[in-house]
Amino acid sequence: MRKNEEGGEDVPAPRPRRRGRPPRDRSAPSAPSTPDRILAEATVLFARHGAGGVSMRDIAARVGIDVSSVHHHFPSKASLYDACFARVFELEQATLTPPVRAFLAAVRSDPPGDVVGAMHDLVDAFVDFLDEHPQTTFLWLRRWLDPTLHLSLDEAYSLPIYGEIERALLEAATRGLVVEPTPHITVRSLVWAAHGHVTALSARGGDTVTADRERREFRAYAHRFVDRLYATPGAGASDG
């Protein structure tokens with residue numbers, strides 16, 4: 001104890017710092033957890049080789065842990081494969097939900113908002129997402145090599161987002177804001193075109209000049225596609 005300002009002895013003396021580890025910096029970002037590391041590396045391997053070309057031991061070796069540790073967090077390869085798609089879906093949903101809601105708001109407002117402009121924003125968000133997460137493309141392309149296998153993945157992790165966009169387009173068409181008799185074909189066409197764009201970028205390797213040009217050209221194409229479908233007759237098309 002040490003004396004307080006009035007001369008008493010009720011103020012504890014400061015404890016000397018113990019030698020050893022420095023205090024933890026709680027502001028520093030924490031290292032990824034083991035399940036997150038497993039998911040990240042498994043996504044890379046599944047995207048590269050498909051579900052049939054990857055074993056749990058392959059994943060354990062890439063993470064640098066024992067295979068029993070992988071099984072501790074993911075009991076089977078099927079559960080890990082599903083978790084990889086769930087992780088990609090979560091990222092994609094977080095990216096696309098705001099522009100989808102903005103599109104719906106434009107459709108449902110009275111008077112209607114800029115529906116075509118909102119569609120352009122949605123296309124940009126999707127292209128940006130795939131550019132930032134190219135493994136998404138290759139994970140899905142491997143899955144789609146056999147259209148009849150793992151159908152539950154489509155139902156859980158692709159159809160919810162794309163179905164919402166299709167319904168928004170149908171609602172816009174019902175209100176007479178756009179002409180769209182086959183929204184499912186439009187969404188599918190844009191999705192496949194964007195995945196093809198990512199595949200083309202990958203084929204460029206380290207040629208950054210060509211890759212940058214490819215990005216500009218594809219984005220301009222995507223905006224022309226939207227304008228040709230939905231722009232008011234006589235209106236100027238977007239420059240992309």
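A quick note: this is a predicted structure, and the numbers were derived from the prediction, not measured.
Here Arg37 contributes atom CZ and Arg62 contributes atom CZ; the two are 12.0 Å apart, rounded to the nearest 0.5 Å. Atoms CD1 and CG, on Ile185 and Leu169 in that order, are 12.5 Å from each other to the nearest 0.5 Å. To the nearest 0.5 Å, atoms CZ (Arg216) and CZ (Arg213) are separated by 8.0 Å. The CG atom of Leu229 sits 8.0 Å away from the CE atom of Met119 when rounded to the nearest 0.5 Å.
Tracing side-chain contacts under 4.5 Å through hydrophobic residues (I, L, V, M, F, W, Y), one never reaches Leu91 starting from Val44; they form parts of separate clusters. The cluster map of Ile, Leu, Val, Met, Phe, Trp and Tyr, joined by side-chain heavy atoms under 4.5 Å apart, puts Leu177 and Val100 in the same cluster. Linking Ile, Leu, Val, Met, Phe, Trp and Tyr residues whenever their side-chain heavy atoms come within less than 4.5 Å leaves Leu153 and Leu149 in two separate clusters. Under the 4.5 Å side-chain contact rule for hydrophobic residues, Phe129 and Val123 share a cluster. Using a 4.5 Å cut-off between side-chain heavy atoms of Ile, Leu, Val, Met, Phe, Trp and Tyr, with links allowed through other members, Leu122 and Leu159 fall into different hydrophobic clusters.
Electrostatic pairing of Asp36 and Arg87 does not count as a salt bridge here, judged by no charged N lying under 4.0 Å from a carboxylate O. Salt bridge Asp128/Arg219: present, at least one basic N to carboxylate O contact under 4.0 Å.
Here the options are Val54, Ile59, Thr43, the test is side chain to side chain contact (heavy atoms under 4.5 Å, CB included), and the partner is Leu80; only Ile59 passes.
For Glu90, the side chain to side chain contact (heavy atoms under 4.5 Å, CB included) criterion is met by no residue, not counting sequence neighbours. By the ring pair (Phe, Tyr, Trp, His ring centres under 6.0 Å) test, Tyr81 pairs with Phe46, Phe85, His150, sequence neighbours left out. Applying the side chain to side chain donor-acceptor pair (under 3.5 Å) criterion to Gln135, with sequence neighbours excluded, gives no partner residue.
No side-chain heavy atom of Tyr230 sits under 4.5 Å from any side-chain heavy atom of Val179. With contacts defined as side-chain heavy-atom distances shorter than 4.5 Å, the pair Arg215/Leu201 qualifies. Considering only heavy atoms from C-beta on, Leu141 stays 4.5 Å or farther from Leu145 through its side chain.
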> Do Trp144 and Trp192 pass the ring-ring contact (aromatic ring centres under 6.0 Å, His included) test, and can you show the C-alpha distance, the side-chain angles, and the key distance before you say yes or no?
Replying inline: CA-CA 11 Å; Trp144 289 328; Trp192 274 98; 5.1 Å; yes
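With Ser55 contributing its side chain and Asp58 its backbone, the two residues share a donor-acceptor pair below 3.5 Å. Proximity of a side-chain donor or acceptor of Arg204 to a complementary backbone N or O of Asp212 within less than 3.5 Å is not detected. Remark: side-chain polar atoms of Arg142 are not paired, donor with acceptor, to backbone N or O of Ala51 under 3.5 angstrom.
In this model, a donor atom of one side chain and an acceptor atom of the other lie less than 3.5 Å apart for Glu180 and Thr186. In this structure, a donor-acceptor pair under 3.5 Å is absent between the side chains of Asp114 and His120.
Arg175 CZ: more than 12 foreign heavy atoms inside a 6.0 Å radius. No more than 12 heavy-atom neighbours from other residues, nucleotides or ligands sit within 6.0 angstrom of NE2 on His72.
Ring geometry, His195 versus Phe126: the interplanar angle exceeds 60°, so the pair is classed perpendicular (tilted spans 30 to 60°).
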